[in-house]
Student: 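The following block contains the structure, expressed as structure tokens.
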Amino acid sequence: MLHVDPIFAATSVAPSTLAAGDEAVPPPFTVARIFTETRLDSWLALGLVIAAGLYVYGVYRLRLRGDRWPVVRTVCFLGPGLGGIASVTVSGLDAYDTALLSAHMVQHMVLSMVAPIFLAVGAPVTLALRTLPVRPRKRLLAIVHSRIARVYSFPLVAFAIFVVNPFALYFTDLYRFTLEHAWAHELVHAHFIATGCVFFWPLLGLDPLPGRWPYPARALLMLLSVPFHTVLGLTIMQSTALFAGDWYPSLHLSWSDPWKDQVVAGGILWAGGEFVSVTMLAVLVVQWVKQSEREARRVDRELDRQEARQRAAESAA
């Protein structure tokens, strides 16, 4: 069932027009509306379909020529990756992201922390390099190893962008601006995704990125990101001012208290951020252990080859 236009319209116009009558007030939020108020008319939905199609086509090309591609990567990219983005941008949750700060915060968590992790694990750049013709492959490699890519993929730069952006959004008039202009709100969604990818791709991604740090340094940086969500979430929960000024009170939602909803939003950011950060730290440690095991096997094979050459030389002598 497609998204009901009055809900989107009621939360996308100026607050002064919302107070004119009850017809503009969105209905109470329920879990069922997440599944029934879907809208597929956004540019982001089109982008998700195109990305999924290109990825599946790349996997198909590999199988045609007899090469294998890990099923786990495909599942991660299409499921929690692109699927995670779709679950908060084209579902009914998106219909309330300008009416409830808590709904927006769920979007924030998924778009900036959950989906980018699985997109990185899906290794789309590696898939493209294995399927593209020679010229496009060279162009993609040039982009990956360009100066801009080196700067933005440098872990400290990515960490600074990841930490500063939410404070710059929520504690300035920028957030109110995004609520008043639909195009700016959609741009923020894309910005969340890009910020998460910039941060998590060098840490957890499997694609060949320049200047990648060793695993101990990556684990330390991931650990440093944990307190950030605690500070931001508690700041939102304890704030004595409503975010976006009088935007939420002007909606006159009889079924929602803006103050209580802001506390819930802060709790979502606090608890969700810590859970994701700790979980990803564990994933990073697992990757570290597997990489160490692969390196140990490689060294053992090299020692075996050296020993075989030495025995052959002694036999010949």
Side-chain angles (χ1 to χ4, degrees), residues 1-42 44-45 85-112 166-167 169-189 191-192 229 232-273:
M1 179 177 179
L2 293 181
H3 174 74
V4 180
D5 290 338
I7 297 179
F8 180 71
T11 56
S12 301
V13 296
S16 59
T17 62
L18 292 173
D22 292 337
E23 292 183 359
V25 177
F29 176 79
T30 61
V31 176
R33 293 190 182 277
I34 297 178
F35 304 97
T36 59
E37 303 297 340
T38 303
R39 48 187 302 260
L40 303 174
D41 57 349
S42 67
L44 193 55
I85 297 174
S87 68
V88 296
T89 56
V90 301
S91 69
L93 186 69
D94 182 65
Y96 291 87
D97 66 345
T98 55
L100 297 173
L101 181 62
S102 57
H104 168 79
M105 207 56 69
V106 172
Q107 285 184 323
H108 180 159
M109 292 299 304
V110 174
L111 295 179
S112 65
F167 287 95
L169 174 65
Y170 296 121
F171 295 96
T172 64
D173 295 333
L174 181 59
Y175 182 60
R176 174 62 180 261
F177 181 83
T178 64
L179 294 176
E180 295 175 343
H181 301 84
W183 64 267
H185 202 67
E186 294 289 333
L187 190 60
V188 166
H189 290 167
H191 181 70
F192 281 155
H229 297 97
L232 183 58
L234 290 177
T235 302
I236 294 175
M237 294 176 68
Q238 298 174 359
S239 176
T240 57
L242 283 175
F243 280 52
D246 64 342
W247 172 270
Y248 294 110
S250 298
L251 300 180
H252 298 289
L253 302 179
S254 59
W255 46 270
S256 176
D257 181 356
W259 290 100
K260 293 181 180 179
D261 184 63
Q262 182 163 300
V263 173
V264 173
I268 291 173
L269 187 60
W270 175 20

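Worth saying up front: this structure is predicted, and the values here are computed from it rather than measured.
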Student: Anything under 30° is parallel, anything over 60° is perpendicular, the rest tilted; go ahead and classify His108 against Phe192.
Tutor: parallel
Student: Could you work out, with ring pair (Phe, Tyr, Trp, His ring centres under 6.0 Å) as the rule, every residue matching His189, not counting sequence neighbours?
Tutor: His185
Student: If you measure from CG on Asp261 to CH2 on Trp259, what distance do you get to the nearest 0.5 Å?
Tutor: 12.0 Å
Student: What's the separation between atom CG in Leu44 and atom CG in Leu187, rounded to the nearest 0.5 Å?
Tutor: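 The CG atom of Leu187 is 11.0 Å from CG of Leu44, to the nearest 0.5 Å.
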Student: To the nearest 0.5 Å, what is the distance between CD1 (Ile268) and NE2 (His229)?
Tutor: 13.5 Å
Student: Show the nearest heavy-atom pair for residues Ala99 and Leu251, with the distance to one decimal.
Tutor: CA-CD1, 3.6 Å
Student: With a 4.5 Å limit on heavy-atom distance, are the side chains of Ile85 and Val110 in contact?
Tutor: no
Student: Please name the pair of heavy atoms, one in Leu100 and one in Ser256, separated by the smallest distance, quoted to 0.1 Å.
Tutor: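 The answer is CD2-OG, 3.3 Å.
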Student: So, taking the atom named CG in Leu101 and the one named CG in Leu242, what distance separates them when rounded to the nearest 0.5 Å?
Tutor: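 Taking CG in Leu101 and CG in Leu242, the distance rounds to 9.0 Å.
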Student: Can you give me the closest heavy-atom contact between Leu269 and Met105, atom names plus distance?
Tutor: CB-CG, 3.9 Å
Student: Does any part of the side chain of Leu111, heavy atoms only, come nearer than 4.5 Å to the side chain of Thr89, both counted from C-beta?
Tutor: yes
Student: What distance separates Leu234 CG from Ser239 OG, expressed to the nearest 0.5 Å?
Tutor: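 Taking CG in Leu234 and OG in Ser239, the distance rounds to 12.0 Å.
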Student: Using only atom types and a distance under 3.5 Å, with no angle test, would you say the side chain of Trp270 pairs donor to acceptor with the backbone of Ile236?
Tutor: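 Such a contact is absent between Trp270 side chain and Ile236 backbone.
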Student: Run the side-chain hydrogen bond (donor to acceptor under 3.5 Å, both in side chains) test against Thr178 and tell me which residues pass, sequence neighbours left out.
Tutor: none
Student: Sequence neighbours excluded, which residues qualify as ring pair (Phe, Tyr, Trp, His ring centres under 6.0 Å) partners of Phe243?
Tutor: Phe171
Student: Can you check side-chain contact (heavy atoms from CB on, under 4.5 Å) on Tyr248 and Leu179, steps first, answer last?
Tutor: CA-CA 10 Å; Tyr248 294 110; Leu179 294 176; 3.9 Å; yes
Student: Could you measure the distance from the NE2 atom of His104 to the CG atom of Leu93? Nearest 0.5 Å is fine.
Tutor: 11.0 Å
Student: If you look at every heavy atom in Phe177 and Ala184, which pair is closest and at what distance?
Tutor: CE2-CB, 3.8 Å
